[in-house]
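Structure, as C-alpha cells:
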Amino acid sequence: KRTKRQGKGGTQQTNAPYSRLYLIEDCIIGLLFLSVLLLFSTSVSANFTLPKLVALRICTFFLACLWMYRISKREAQPIPRVIFLSGIALGVWWLFSTFFALHSYTAIHGVHGRYNGLYTHELWLMLFFIFATLPGHQKRIERIINLFIVSLIPVALYALAQFCNIDPLPWVSLKGR
C-alpha cells in the first residue's frame, strides 16, 4: 500500500513498509534477535546472560527512541484497552512489589548470573509494547519474520557443531559437559 506524506515540496508518495524509519527499526530488531541468540563469552562467569543483557539494553534503548518518535508522529498501532491495561498493571505490580523486597539491589537488578530483576522485567514489558504497536504492513511483518529465521540459522549450526563434538570455542569454565 502506498501512503501520502506531506513534505516541504508538497505531497510525496512513499511506500510505507519500506520507509527509512521502518528499515532502521527492523535492522535494530534484527540486531536484537541476533545478539540475544548469539552473544556469549567464555571468559566471564555468567557466560550467556551478561553479554545478552548488554545487547538487550542497548537495542531496547534505540527501539524505545524510535517508538517515541513513532508515537509523536501518530504512527503507532493502537493496542486493545484490556491488553494495554493488563501490561500497565503488571508493570505497576512489579514496581510496587520491589518496594517490599528484602534486598532491594537484588529486586532491582536480579540475582548474579540471571539478572532477573525489575529492570530487566520492565525492559521486556517495554519491548512487548514496542512490538505490539508496530505498524503491521504485510511486507514488514514478513521482513521481521525473515530476520528472526536468519538469526536462528547460526544458532542451529552451532548447536549441530556442539552435538558432533566439534565445538570451536574453548569452554574452560564448563569442563566435562
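Remember, it's a predicted structure, so these values are computed and weren't measured experimentally.
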> Which heavy atom of A76 sits nearest a heavy atom of I71, and at what distance?
Replying inline: CB-CG1, 4.1 Å
> Is it true that L118 and F99 fall in one hydrophobic cluster, defined by side-chain heavy atoms closer than 4.5 Å?
Replying inline: yes
> So do L127 and L56 actually touch side chain to side chain, heavy atoms under 4.5 Å?
Replying inline: yes
> So, for T98 and W94, which heavy atoms are closest and what is the spacing to 0.1 Å?
Replying inline: OG1-O, 2.7 Å
> Say you draw a straight line from OG1 of T120 to CG of L53; how long is it, rounded to the nearest 0.5 Å?
Replying inline: 4.5 Å
> If every non-hydrogen atom of L32 is compared with every non-hydrogen atom of A55, which pair is closest and at what distance?
Replying inline: CD1-O, 4.5 Å
> Got more than 12 heavy atoms from elsewhere within 6.0 Å of CZ, F62?
Replying inline: no
> Which distance, rounded to the nearest 0.5 Å, do you find between the SG of C65 and the CD1 of I28?
Replying inline: 8.5 Å
> Mind checking whether L147 and V150 sit in one hydrophobic cluster, side chains of I, L, V, M, F, W, Y counted as touching below 4.5 Å?
Replying inline: no
>> Working note: L90 + H121, criterion side chain to side chain contact (heavy atoms under 4.5 Å, CB included); need CA distance, chi angles, decisive distance, verdict.
In response: CA-CA 10 Å; L90 181 62; H121 283 85; over 6 Å; no
> With side chains defined as the heavy atoms from C-beta onward, is the minimum distance between L134 and I141 less than 4.5 Å?
Replying inline: no
> Roughly how far apart are I79 CD1 and I88 CD1, rounded to 0.5 Å?
Replying inline: 8.5 Å
>> If you count heavy atoms of other groups shown closer than 6.0 angstrom to CZ of F84, is the number above 12?
In response: no
> If you take all heavy atoms of S151 and L34, which pair is closest and at what distance?
Replying inline: OG-N, 3.6 Å
> According to a 4.5 Å side-chain heavy-atom criterion applied to Ile, Leu, Val, Met, Phe, Trp and Tyr, with indirect links allowed, do L95 and I108 form part of one hydrophobic cluster?
Replying inline: no
>> With rounding to the nearest 0.5 angstrom, report the CG to CD distance, L157 to Q162.
In response: 12.0 Å
> Is it true that a side-chain atom of T60 and a backbone atom of R57 form a donor plus acceptor pair closer than 3.5 Å?
Replying inline: no
>> If you apply the rule side chain to side chain contact (heavy atoms under 4.5 Å, CB included), what do you find for Y69 with E25, and how did you get there?
In response: CA-CA 11 Å; Y69 178 76; E25 202 168 41; over 6 Å; no
> Can you find a heavy atom in the side chain of K52 that is under 4.5 Å from one in the side chain of S35?
Replying inline: no
> So do M126 and L63 actually touch side chain to side chain, heavy atoms under 4.5 Å?
Replying inline: no
>> Looking at R70 and T133, would you say the former's side chain and the latter's main chain have a donor-acceptor pair under 3.5 Å?
In response: yes
>> Using the rule given for side chain to side chain contact (heavy atoms under 4.5 Å, CB included), can you reason through M68 versus K73, listing the C-alpha separation, both sets of side-chain angles and the distance that settles it, and then say yes or no?
In response: CA-CA 9 Å; M68 294 299 169; K73 297 291 184 184; over 6 Å; no
>> Using side-chain heavy atoms (C-beta onward) and a distance below 4.5 Å, is F33 in contact with I29?
In response: yes
> If two hydrophobic side chains count as joined below 4.5 Å and joins carry through other members, does V92 share a cluster with L85?
Replying inline: yes
>> Any non-hydrogen side-chain atom of L160 less than 4.5 Å from a side-chain atom of I166?
In response: no
> When rounded to the nearest 0.5 angstrom, what distance separates CG in L31 from SG in C59?
Replying inline: 4.0 Å
> About how many Å separate CG of D26 and OG of S19, when rounded to the nearest 0.5 Å?
Replying inline: 8.5 Å
> Just by modelled atom types, is the Y119 backbone N or O under 3.5 Å from a matching donor or acceptor in the H109 side chain?
Replying inline: no
>> Below 30° counts as parallel, above 60° as perpendicular, anything between as tilted: where do the rings of W93 and F96 land?
In response: tilted
> Could you walk me through whether F148 and I144 pass the side chain to side chain contact (heavy atoms under 4.5 Å, CB included) check?
Replying inline: CA-CA 6 Å; F148 187 65; I144 291 172; 5.8 Å; no
> So, do I83 and F128 sit near enough that their side-chain heavy atoms are less than 4.5 Å apart?
Replying inline: yes
> Transitively linked via ILVMFWY side-chain contacts under 4.5 Å: F131 with W124?
Replying inline: yes
>> Looking at every heavy atom in both Y22 and P135, which two are closest together, and how far apart are they?
In response: OH-CG, 3.3 Å
